[in-house]
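Only one structure is covered here, and it is reproduced in the block below.
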Amino acid sequence: MDARLRVVIVGAGPAGLYAADALTFDVAKSVQVDLLDRLPTPFGLLRHGVAPDHLKIKSLEKVLQRIIDRPAVRFMGNITVGKDVERSELLDRYDAVIYATGAPVDRRLNIGGENLPGSVSASDFVAWYNAYPECSIDIGPLSASRVAVLGAGNVALDVARMLLISRDKLKSTDVAERALRHLRIHKPDDVYVIGRRSAAQAKFTPKELRELGDLEDVDIIVSPEDLLLSDTDSNTVAQQPQLALNMQVLHDWASTPPKNKAHRLHFRFLLQPERIEGEACVRSLRLQTMDPRDTSLRTGRQIDLDVGAVIRAIGFTGQPFAGIPHDAVSGTIRNVNGRVLSDYDGVDQEFVTGWARRGSTGVIGSNRADATEVAELVLSSAKPIRRDPHQSDLLDLLGKRGVTVVTAERWSLIDLEERKRGTEQGRPRIKLESTREMLDACRVPSRTEAH
Amino acid sequence: MTYVINDACIDVMEKKCVRECPVDCIYLGERSAYIQSDECIDCGACAVVCPVKAISYEGDLKPEERDLLTRQREVFSVVGAPGGARAFGAVLADHPTIAMMPRKSKAGD
């Protein structure tokens, strides 16, 4: 344990793992990394965000597992900073702390009716189908025959696709058992993906958009008027090939006559949600039409869409925790280029990467560049702190508190159990859906509550 | 499917994609970068970040661009799938077609 630098990373999703990667790839740099996660399992949104049918992206876990397996990296799952261990206790033990805690909270619409049964966040819906432990969602309204998905990013596309995907395809993925049972029976007739701004301002990436064309038994409905662009929009599209591809895909759909298939996926743009209507549950959605020439202006015209469920996928944000400086506007940890603007004793010891640093944008790869940059900052600026030689190791501290730490070895037992269950049913894995099941899988005895 | 790097990369090599690739499957030759298609997981991070728009999705290639894909595969015929450019640590031999092309001067040279 004679590392030159000891670093703790909070959050074992892609951003945290890529930071660990950049810190430990060159063994000569002599960095020791402890990698914490509040879940017993690593991989963050790769495990609980990426849609189950995106098998190729999911295969990234093999690459990330190799980082956990490095001798210089210790994984410690099932640990919540601010509850099991304090921020100050990390700062006392490590030369640098990197927060890679993501943006776990969904943005809200802040409109009437948002709390009605049948109005759910994409984060809850995604957590449900991706077996996030202890997640509860009222799935009743999700069997509605008409569902609106609000948002024009890849999360909205994931949600729409999961609602309409063929059940046979789903059966060969690691989708949560609870979701498979439900989605096997219920498939909406109509799903509306609704963007507040124009098609050119949508955040979809072209491959994810085009993929929807592969849905069996689904007509994609786009109205040509919805694709009319302002001069500003047209200029932007001309400069950005990705946007041009999006527009091309949408135009192709707009010019394809529907084939009377059993289900329909509608794309609608320039519609701002104004109110979700209903008494006991969602009945309809009132939308304000926006001006195509200036997409921030309302036209004053409203339309009502009869839907039984509304899923909002309008972005994610962070929330303050453990006293770490938080920027309420951006929903990120307050930082300049990855260096936390710390109020803690004026010590330059805290860093941030991933969504917690820059907000919920970009694809998984964006986090590698981001985390590498932050790791380089740590390597060039963090200095060994004066450590109390009697200071206990974090594992000992947590042990004394009776906190069950899921180490890399224990995680490998959970992984094994999930794969074993999967093999029995011809699926890549069947995820355990509760922390208790996971601890059982790694043979941690149920402990008495008193400690 | 995979992503493919076109001639806009030749003698420019901004290398932004290299840092962004989550599986480190973008390898540098002397004059161009190449994607190892067996290692690529189709995430598209490279295409978004390339400042010279040199990267496109295989599914978006026009018929006359399909040879880019062949070229990209041929580059790896000797080294195979090394499991990451950083670990590979060497400069890849450029594809003969690219090696024979006249040098482009960088803007500002």
Side-chain angles (χ1 to χ4, degrees), chain A residues 13-15 17-18 21-22 24-26 43 45-46 50 54-67 70 154 203-211 213-214 238-246 248-249 252 354 361-376, chain B residues 1-9 12-28 33 35-65 68-69 81-90:
Chain A
L17 278 158
Y18 282 123
D21 177 32
T24 59
F25 178 74
D26 181 358
F43 307 144
L45 282 185
L46 180 64
V50 171
H54 281 170
L55 298 171
K56 226 173 161 185
I57 303 274
K58 291 266 184 196
S59 73
L60 179 59
E61 69 176 40
K62 275 184 273 172
V63 173
L64 298 183
Q65 180 64 46
R66 288 205 287 268
I67 301 168
R70 284 189 195 154
N154 284 341
K203 308 269 188 235
F204 318 128
T205 47
K207 180 164 69 78
E208 277 67 22
L209 186 61
R210 183 178 304 118
E211 188 185 358
D214 300 335
Q239 283 156 24
Q240 297 189 33
Q242 301 272 318
L243 295 183
L245 286 168
N246 278 351
Q248 190 192 318
V249 173
D252 286 349
T361 61
V363 289
I364 285 184
S366 324
N367 294 298
R368 179 165 171 238
D370 181 318
T372 305
E373 186 181 292
V374 171
E376 283 162 359
Chain B
M1 289 282 192
T2 184
Y3 281 75
V4 187
I5 301 182
N6 64 39
D7 291 354
C9 183
V12 177
M13 288 209 290
E14 293 273 355
K15 301 178 197 158
K16 276 202 154 180
C17 56
V18 175
R19 278 171 83 91
E20 203 94 358
C21 174
V23 290
D24 197 27
C25 77
I26 306 180
Y27 295 70
L28 299 179
I35 295 173
Q36 212 307 347
S37 55
D38 295 328
E39 292 172 359
C40 171
I41 57 166
D42 290 357
C43 78
C46 53
V48 178
V49 82
C50 177
V52 295
K53 299 167 187 132
I55 310 184
S56 31
Y57 183 55
E58 182 184 335
D60 290 327
L61 291 178
K62 299 183 185 79
E64 65 271 22
E65 295 171 325
L68 292 174
L69 188 65
R86 224 173 15 164
F88 179 64

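Letters A, B, ... are given to chains in the order of the sequence lines, protein chains preceding strands, and every chain is numbered from 1. Scope of the values below: all heavy atoms of this structure, side chains included, with no hydrogens, waters or symmetry mates.
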Could you please spell out the steps behind the side chain to side chain contact (heavy atoms under 4.5 Å, CB included) verdict for B:Asp42 and A:His54?
CA-CA 10 Å; B:Asp42 290 357; A:His54 281 170; over 6 Å; no
Going from CZ on B:Arg86 to OG1 on A:Thr372, what distance comes out if it is rounded to the nearest 0.5 angstrom?
7.5 Å
Part of A:Ser366 within contact of chain B (heavy atom distance under 4.5 Å)
both
For A:Glu211, is it the side chain, the backbone, both or neither that has a heavy atom under 4.5 Å from a heavy atom of chain B?
neither
For A:Glu376 and B:Arg19, work out which heavy atoms get closest and say how close.
OE1-NH2, 3.3 Å
Relative to chain B, which of A:Ile57, A:Thr205, A:Asp370, A:Val63 shows the most heavy atom pairs under 4.5 Å?
A:Ile57
Side chains of A:Gln248 and B:Asp60 in contact at under 4.5 Å (non-hydrogen atoms)
no
Side chain, backbone, both or neither: which part of B:Cys46 has a heavy atom under 4.5 Å from chain A?
neither
Run through A:Val363, A:Leu64, A:Ile364, A:Leu17 and flag the one making a side-chain contact (heavy atoms from CB on, under 4.5 Å) with B:Pro22.
A:Ile364
Correct closest heavy-atom pair for A:Gly365 and B:Ala45 would be CA-CB, 3.9 Å
Can you tell me how far apart NZ (A:Lys207) and OG (B:Ser56) are? Round to the nearest 0.5 Å.
13.5 Å
About how many Å separate CD of A:Gln242 and NZ of B:Lys53, when rounded to the nearest 0.5 Å?
10.5 Å
Heavy-atom pair of closest approach, residues B:Cys40 and A:Lys56
O-CE, 3.3 Å
With a 4.5 angstrom heavy-atom cut-off, is it the side chain or the backbone of B:Val18 that approaches chain A, or both, or neither?
backbone
